[in-house]
> 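A single structure is presented below for examination.
Proteins get letters first, then strands, A, B, ... in listed order; numbering begins at 1 in each.
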There are 4 protein chains.
Amino acid sequence: MANDTVITIVGNLVADPELRWTQSGMAVANFTLASTPRTFDRQANEWKDGEALFLRCSIWRDAAENVAESLEKGARVIVQGRLKQRSYQDREGNQRTSIELDVEEVGPSLRYATARPQKVDRRQGGQRAPQQQGYGQGQPQQGQHAGWTDQQGGYDDTPPPF
Amino acid sequence: MANDTVITIVGNLVADPELRWTQSGMAVANFTLASTPRTFDRQANEWKDGEALFLRCSIWRDAAENVAESLEKGARVIVQGRLKQRSYQDREGNQRTSIELDVEEVGPSLRYATARPQKVDRRQGGQRAPQQQGYGQGQPQQGQHAGWTDQQGGYDDTPPPF
Amino acid sequence: MANDTVITIVGNLVADPELRWTQSGMAVANFTLASTPRTFDRQANEWKDGEALFLRCSIWRDAAENVAESLEKGARVIVQGRLKQRSYQDREGNQRTSIELDVEEVGPSLRYATARPQKVDRRQGGQRAPQQQGYGQGQPQQGQHAGWTDQQGGYDDTPPPF
Amino acid sequence: MANDTVITIVGNLVADPELRWTQSGMAVANFTLASTPRTFDRQANEWKDGEALFLRCSIWRDAAENVAESLEKGARVIVQGRLKQRSYQDREGNQRTSIELDVEEVGPSLRYATARPQKVDRRQGGQRAPQQQGYGQGQPQQGQHAGWTDQQGGYDDTPPPF
DNA sequence: TTTT
DNA sequence: TTTT
C-alpha cells in the first residue's frame with residue numbers, strides 16, 4: 001500500500017527564491033534551504049552545529065508568488081512538503097537522481113526578534129491595515145500585564161522549555 | 001531512553017493570540033489552533049472536511065511578542081513544537097489533564113493569495129527595506145518569464161503535485 | 001482549506017493493549033503511550049528526562065489484532081497517526097474533550113538490544129513461524145468481546161482517557 | 001540558530017539490509033526504502049500510486065544488528081531519523097552529494113495481516129523466546145565482516161547511493 | 001472555536 | 001528498486 005511522505009524542515013534560505021512560470025502560466029518558485037542540526041558534543045560538553053543539509057525546494061501557484069515576495073536570502077522558514085526524486089542528466093550524459101522537496105506549506109519563522117512582519121489582511125483583495133510604524137516595540141502592554149500577574153493564577157513563572 | 005516528541009501541525013487561529021508576561025518579565029503568548037483534516041469520502045466520492053482538532057498552544061520570549069504582533073484570528077500557520085500534558089483543577093476540584101503544544105517554531109502560511117507580508121529586514125534593528133508598491137501584482141516579471149519559457153528546458157509544464 | 005494532522009511519536013506502552021470488537025465485528029485496540037522528552041539541563045550540565053506525555057491511542061482492523069499480539073506493557077514503539085479530539089461526559093455530567101491519537105502506522109522499535117522479533121513471513125496467506133506460547137491466535141478473546149459488545153454497544157462508550 | 005532535521009518516513013525495503021562493521025567494531029546497517037506517495041487523481045477520480053522515493057538509510061550499533069536480523073526485502077517499516085548530505089566522488093572524479101537518512105528509530109509496521117512478530121522479551125539480559133529457525137544469532141557474518149574491513153577500511157568509502 |  |  002502507498003505511503004505518505006510528508007515531512008517538515010526548519011532552515012534558512014541560502015539565496016533569494018527564483019520565480020518562474022510554466023508555459024501554461026503557472027508560477028513556480030525554487031529555493032534552497034540550509035538546515036543545520038544542533039548536536040550536543042559530549043567531549044566538549046557543549047552544543048555545536050552539525051553539518052548543514054542543503055535541500056532544494058519547489059512550490060507552485062499563488063504560494064510561489066507569495067514566497068518570491070515575502071522571503072529572501074537568510075530568511076528562516078518552516079516548510080512542509082513531500083520528498084521527491086528527480087532525474088536529470090549530468091554533463092557527462094549520465095542519468096542521475098536528486099532528492100528535493102515539493103513544498104505544500106511554508107511560513108517565515110516568528111522565532112526571533114527581527115521576524116515581525118505586519119499583520120496580514122485576510123479580506124478579499126489583500127490590502128493590509130494601515131500601520132504607522134509599530135514594529136518591535138516589544139514592551140508589555142500595561143493592561144494585559146497587570147491583569148495577568150495580578151491574579152494568582154494562570155501560567156506560573158516556570159522557565160520555558162527551550 | 002528518552003523520546004523526542006516534536007510534532008508539526010498546520011491550522012488556523014480561532015482567535016487573536018493572548019500575550020502575557022510572567023512575573024519575571026518573560027513574554028508568553030497563547031492561542032488555539034483549529035486543524036481540520038481533509039478526508040476523502042468514498043461514498044460521496046468527494047473530499048470533505050473531517051472534524052477539527054482544537055489545540056491549545058503556548059510560545060515564549062521574543063517569539064511570543066512576534067506572534068502577538070503578526071498573527072490574528074483566522075490566520076493559517078505552521079507550528080512545530082512539543083506536545084505537553086498540563087494538570088489543572090476543574091471547578092469541582094478534580095485533577096484533570098489536558099494536552100497542549102509548547103511551540104518552538106511558528107510561521108504564517110504563505111500558501112494562499114492573501115498571505116503576502118512584506119519582506120522582513122534581517123539587519124540589526126529590524127527596519128525593513130523601503131518598498132514602493134510591489135504587492136500582489138502577481139504577474140510574470142517579463143525578463144524572468146521570457147528567459148525561462150523561451151528555453152526548452154528547466155521545469156516542464158507538468159501539473160503541480162497538489 | 002483543510003489541513004493534514006498526521007504526527008509521529010516514539011514512546012513506551014504503559015500497559016498491555018486492550019483489544020475489542022465493534023458490534024459489526026471490527027477489531028479496535030487501545031493503548032497508552034508514555035513519551036518522555038529528553039532535555040538538556042544547562043544548570044546541571046547534563047541530560048535529563050522531561051515530564052512524560054501520556055497519549056491515548058487507538059488502532060483498527062488487522063492492525064489492531066497485530067498490536068494486541070505483538071506489543072505489551074513497556075514496549076517501545078513508533079506510532080504515526082492523526083490527533084483527534086474526543087468528547088465525553090465526566091462523572092458530574094460535564095461535557096469534556098480529550099486529545100487522542102488515531103494510529104495509522106505502528107512498529108516496535110528496533111533500537112535496543114532486546115528488540116529482536118523474528119523475521120515476518122510475507123508470503124500469501126500470512127502463516128507465520130509456529131509458536132507454542134499462544135500469541136497470534138487472532139480470535140476475539142471471549143470475555144473481552146462479550147463484555148464489550150453486550151453493552152448498548154458501539155465504540156463510542158469507551159471511558160475517557162485517564 | 002540551529003535547526004532540527006528529524007523526519008519520519010514509511011516505506012518498504014527494496015532489498016535485504018547490508019550489515020557491516022567499522023574497524024573499531026561498530027555495527028552499521030544500510031538499506032534502501034521505497035516510499036510511494038498515494039495521490040488522488042482528479043481526472044480518473046481514483047487513488048493512484050505516485051512516483052516512489054528511494055531513500056538510502058543507515059543505522060548504527062545494536063539497532064543495526066536488530067535491523068539485519070529482523071527486516072528483509074519488502075518489509076514495510078516506519079523510520080525516524082535525520083536527513084544527511086553525503087559527499088562522494090563519482091566515476092568521473094566529480095564531487096557529488098546525495099541525501100540519505102541517519103536512522104534513529106525504525107520499526108516493522110504492524111499495519112497488515114501478515115505482520116505479526118512474536119512478542120519481544122524485555123527482561124534484563126535480552127534473552128528471547130527460544131527460536132529454532134536461526135534468526136537473531138546476532139553475530140557478525142564472517143564473509144561480510146571480512147570483506148568489508150579488509151579494504152582500506154572505515155565506513156566512509158562506501159559507494160554512493162544508486 | 002478556525003479555515004482558499 | 002519496494003509495496004495490502
Side-chain angles (χ1 to χ4, degrees), chain A residues 1-5 61-63 66 85 87 95 97 104-105 120 122-126, chain B residues 9-18 30-38 47-57 71-79 108-116 162, chain C residues 1-5 61-63 66 85 87 95 97 104-105 120 122-126, chain D residues 9-17 30-38 47-57 71-79 108-116 161-162:
Chain A
M1 197 228 192
N3 318 117
D4 195 49
T5 59
R61 304 183 216 247
D62 283 349
N66 292 343
Q85 214 136 15
S87 291
Q95 203 62 21
T97 64
E104 296 180 1
E105 297 281 351
V120 171
R122 294 176 304 103
R123 288 166 303 186
Q124 258 318 100
Chain B
I9 294 276
V10 176
N12 299 81
L13 273 73
V14 303
D16 288 348
E18 307 145 27
N30 289 279
F31 55 93
T32 298
L33 268 194
S35 184
T36 310
R38 163 178 257 188
W47 287 101
K48 289 187 175 171
D49 277 0
E51 222 178 320
L53 168 77
F54 294 94
L55 187 60
R56 186 81 180 159
C57 300
L71 302 179
E72 61 186 5
K73 177 175 174 175
R76 181 184 181 94
V77 295
I78 317 170
V79 294
S109 169
L110 297 177
R111 183 159 179 173
Y112 297 116
T114 53
R116 295 193 190 159
F162 40 85
Chain C
M1 198 228 192
N3 318 117
D4 195 49
T5 58
R61 303 179 216 251
D62 283 350
N66 292 343
Q85 213 136 14
S87 290
Q95 203 63 22
T97 65
E104 296 179 359
E105 296 282 350
V120 170
R122 294 175 306 104
R123 286 167 304 187
Q124 257 318 98
Chain D
I9 294 275
V10 176
N12 298 278
L13 273 73
V14 303
D16 289 348
N30 289 280
F31 56 93
T32 298
L33 267 194
S35 184
T36 310
R38 164 179 257 188
W47 287 101
K48 290 187 175 171
D49 278 0
E51 222 177 321
L53 168 78
F54 294 93
L55 186 60
R56 187 79 180 161
C57 300
L71 302 179
E72 60 187 6
K73 177 176 174 173
R76 181 183 179 93
V77 295
I78 317 170
V79 295
S109 169
L110 297 177
R111 183 158 180 174
Y112 297 115
T114 53
R116 295 194 189 155
F162 314 109

> Does any N or O donor sit under 3.5 Å from an N or O acceptor when you compare the side chain of Thr36(B) with the base of dT2(E)?
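Check passes, donor-acceptor contact within cut-off.
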
> Calculate the interatomic distance between Phe31(B) atom CZ and dT2(E) atom P; express it in whole Å.
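That distance rounds to 17 Å.
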
> Take the protein atom CZ of Phe54(B) and the nucleotide atom P of dT2(E), then report the distance between them rounded to whole Å.
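Computing the Phe54(B):CZ to dT2(E):P distance gives 7 Å.
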
> Rounded to whole Å, how long is the line connecting atom CD of Glu18(B) with atom P of dT1(E)?
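In whole Å, dT1(E) P lies 15 Å from Glu18(B) CD.
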
> Val10(D) vs Arg76(D), test: side chain to side chain contact (heavy atoms under 4.5 Å, CB included). Steps then yes/no.
CA-CA 7 Å; Val10(D) 176; Arg76(D) 181 183 179 93; 3.8 Å; yes

> Measure CG/Leu53(B) against P/dT3(E) and give the value in whole Å, please.
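The answer, rounded to whole Å, is 16 Å.
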
> Quick check against the 3.5 Å criterion: does Asn30(B) have a side-chain atom that pairs as donor or acceptor with the backbone of Arg56(B)?
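No, the answer is negative, given that no donor and acceptor are paired below the 3.5 Å cut-off.
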
> What's the CG-C1' distance between Asp49(B) and dT3(E), to the nearest Å?
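Those two atoms, CG and C1', are 8 Å apart.
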
> Expressed as a whole number of angstroms, how long is the span from Asp16(D):CG to dT2(F):P?
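Result: 13 Å.
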
> Roughly how many Å is it from CD1 in Ile78(B) to C1' in dT3(E), rounded to a whole number?
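It works out to 15 Å between those atoms.
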
> Could you tell me how far apart Tyr112(D) (OH) and dT2(F) (C1') are, to the nearest whole angstrom?
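The answer, rounded to whole Å, is 13 Å.
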
> What pairs with Gln85(C) under side chain to side chain contact (heavy atoms under 4.5 Å, CB included), at least two apart in sequence or on another chain?
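Gln85(C) satisfies side chain to side chain contact (heavy atoms under 4.5 Å, CB included) with Leu53(B), Phe54(B), Thr97(C), Ile99(C) once adjacent residues are dropped.
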
> Of all heavy-atom pairs between Pro37(D) and Ala52(D), which one has the smallest distance, and what is that distance?
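Nearest pair, atom of Pro37(D) first, then Ala52(D): CD-CA, 4.4 Å.
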
> Mark yes or no for a side-chain to base donor-acceptor pair under 3.5 Å between Asn12(D) and dT2(F), with no hydrogen or angle criteria applied.
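Under the 3.5 Å cut-off, the side chain and the base do form a donor-acceptor pair.
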
